[in-house]
Q: 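Please see the structure below; I have some questions.
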Amino acid sequence: MRQNLRVNGARLLARLDRLAEEGARPDGGVCRLALGDADKAGRDLVVQWMRELGLTVTIDAIGNVVGLRRGQEDGAPVMMGSHIDTVATGGHYDGALGVLGGLEVVETLNDAGVVTKRPLAVAFFTNEEGARFQPDMFGSLVFTGAMPLEAALATVSIDGRKASEELDRIGYRGPAAVGRPNVHAYVELHVEQGPTLEAEDFTIGAVEGVQGISWTEFTLTGQSNHAGTTPMRMRHDAGYVGAAIAVYARRLALEIGGHQVATVGALTLTPNLVNVVAERAVMTVDLRNTDNERLKQAERRLAAFAAETAAAEGVKLETRTLARFDPVAFAPHLVARVEAIAKELELPVKRLPSGAGHDAQMLAAICPACMIFTPSAGGVSHNIAEYTRPEDLAAGADVLLRLVAELAE
Ligand code: HGY
Ligand code: MN
Ligand code: MN
């Protein structure tokens, strides 16, 4: 491929801004929770763009969408992709950059009349975020055969809807088969969502792998009682046990140190009233670490603390694993190519692990996979203020263009 090809940054930014209108929040953020109406609208828009670019679009039984660009030869495609669902307080770039960056690569090659030897594909996977349906990334899990289709279809969202029903409702329960597809290599462009690249003045991240993820839901059942008349020794306060677990999770992460992180993102009390001892608490704890042994240690210590604290308070404890993924290392030869291509383009590049989960984590099980990061302003993501400079978006897409064109020859 001609080495001087570059993406059209303005066109990429225009698509990112247009997609952000689907599920736009009044405060400038984006809410496209998986399989909701805004996700459907975003899906319809991206499918329309895929077709306008001459891609052959297939939709599989869990709603994953793949746009295929023919090569000079048939065979397994080089795939670009990510997700277009967002968390409820999402930004313009998490997921969207990988999908629309892929479309920008396709359009750049179309404009230049370049047909690669291997076919190319641009994909978006269902429910990467896992905010509404757990586990996260169940679209790419099913796509790669790591989760049974039926199990994903049967999941029930936090708002009580079955995934199969929502897929039917939005018209994305497609005919294409799932499980162990033929993909030659997978490259995902994504914003870092952390502070490292910006803080150290790098433009490109050559992502070495993704850390392990452990999501657990704790359901605590105590006894509602009068806040004023109930002596402390008689209480079975689910709210207290929930709060104690949250404080312990934070202390545990600080004590283990390194890459260990712990987050209590959801905590719901019932009846949630100022003068009633909480009868019930339902909460989630998200633990992550690049080191699986330390992650297992954190899980064990948290579970022991929760059991001990609940028992001492006379509160019933039930736990449910919402997601559990081991750390994944990306293909070293691809990581090295991301780094080398960034240097060829005179873009400051750093190797680093991904703190966030990504579909690439799942694709890595069936083909050589890698990721390209661009900086996140202030390291902020899963926040309406998520921002990446236009020149950095284009730089990431240029690295994607070169790497994918190389892999497709
Ligand atoms: O939670 C994550 O890491 C991703 O955003 N689903
Ligand atoms: Mn993402
Ligand atoms: Mn995300």
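This structure is a prediction, so every number in the text was calculated from the model and none was measured. Each ligand, and each atom within it, is numbered from 1 in the order the structure gives. The figures here come from the full heavy-atom set of this structure, side chains too, leaving out hydrogens, waters and symmetry mates. Heads up: numbering here begins at 1 and tracks the sequence.
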Q: Ignoring waters, how many protein N/O/S atoms are under 2.8 Å from the Mn ion (ligand 2)?
A: 3
Q: What's the separation between atom CG in L252 and atom CG in L254, rounded to the nearest 0.5 Å?
A: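 These two atoms lie 9.0 Å from each other.
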Q: By number and element, which atoms of ligand 1 are closer than 4.0 Å to a non-hydrogen atom of W215?
A: 1 (O)
Q: Please list, in number order, the atoms of ligand 1 under 4.0 Å from a heavy atom of A356.
A: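 Near A356, the atoms of ligand 1 are 3 (O).
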Q: Using the side-chain contact (heavy atoms from CB on, under 4.5 Å) definition, which of the options L393, T388, V99 pairs with L16?
A: L393
Q: Between E318 and R320, does at least one N-O distance fall below 4.0 Å, as a salt bridge requires?
A: no
Q: Distance alone, cut at 3.5 Å: any donor-acceptor contact between the side chains of D44 and Y172?
A: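 A donor-acceptor contact under 3.5 Å links the two side chains.
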Q: Evaluate side chain to side chain contact (heavy atoms under 4.5 Å, CB included) for F143 paired with V183, printing each intermediate quantity in order.
A: CA-CA 11 Å; F143 184 80; V183 179; 4.2 Å; yes
Q: Salt bridge between K296 and E299, side-chain N to carboxylate O under 4.0 Å?
A: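 Salt bridge between K296 and E299, a charged N being under 4.0 Å from a carboxylate O: no.
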Q: Polar contacts were defined as any N/O atom of the residue lying under 3.5 Å from an N/O atom of the ligand; does this apply to G357 and ligand 1?
A: yes
Q: Which residue owns the protein heavy atom closest to atom 1 (O) of ligand 1, what's the atom, and how far is it?
A: R288 NH2, 2.8 Å
Q: Are R32 and E22 ion-paired here, with the side-chain N under 4.0 Å from a carboxylate O?
A: no
Q: Among all protein heavy atoms, pick the one closest to atom 5 (O) of ligand 1 and tell me residue, atom and distance.
A: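 Of the protein heavy atoms, E129 OE1, 2.9 Å lies nearest.
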Q: Verify the distance criterion only: is there a donor paired with an acceptor across the side chains of Q297 and E293 at less than 3.5 Å?
A: no
Q: Indicate, as side chain, backbone, both or neither, the part of F325 found under 4.0 angstrom from ligand 1 when only non-hydrogen atoms are considered.
A: neither
Q: Just which atoms of ligand 1 are under 4.0 Å from any heavy atom in D136?
A: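 Numbered from 1, ligand 1 contributes 6 (N).
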Q: Of the backbone atoms (N, CA, C, O) and the side-chain heavy atoms from C-beta on, which set of Q361 has a member under 4.0 Å from an atom of ligand 1: side chain, backbone, both, or neither?
A: neither
Q: Considering only residues two or more places apart or on different chains, which pairs with a residue in residues 277-320 satisfy ring-ring contact (aromatic ring centres under 6.0 Å, His included)?
A: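 Applying ring-ring contact (aromatic ring centres under 6.0 Å, His included) to every pair that reaches into residues 277-320, excluding sequence neighbours, yields Y248-F305.
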Q: Could you find the nearest protein heavy atom to atom 4 (C) of ligand 1 and give me its residue, atom name and distance?
A: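 Answer for atom 4 (C) of ligand 1: E128 OE2, 3.5 Å.
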Q: Between H382 and D94, does any side-chain donor sit less than 3.5 Å from a side-chain acceptor?
A: yes
Q: Looking at ligand 1, does H382 have a heavy atom less than 4.0 Å from it?
A: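 H382: in contact with ligand 1 (<4.0 Å).
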Q: Does a salt bridge link R132 with D39, judged by any charged N lying under 4.0 Å from a carboxylate O?
A: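 A salt bridge is absent here (no side-chain N lies under 4.0 Å from a carboxylate O).
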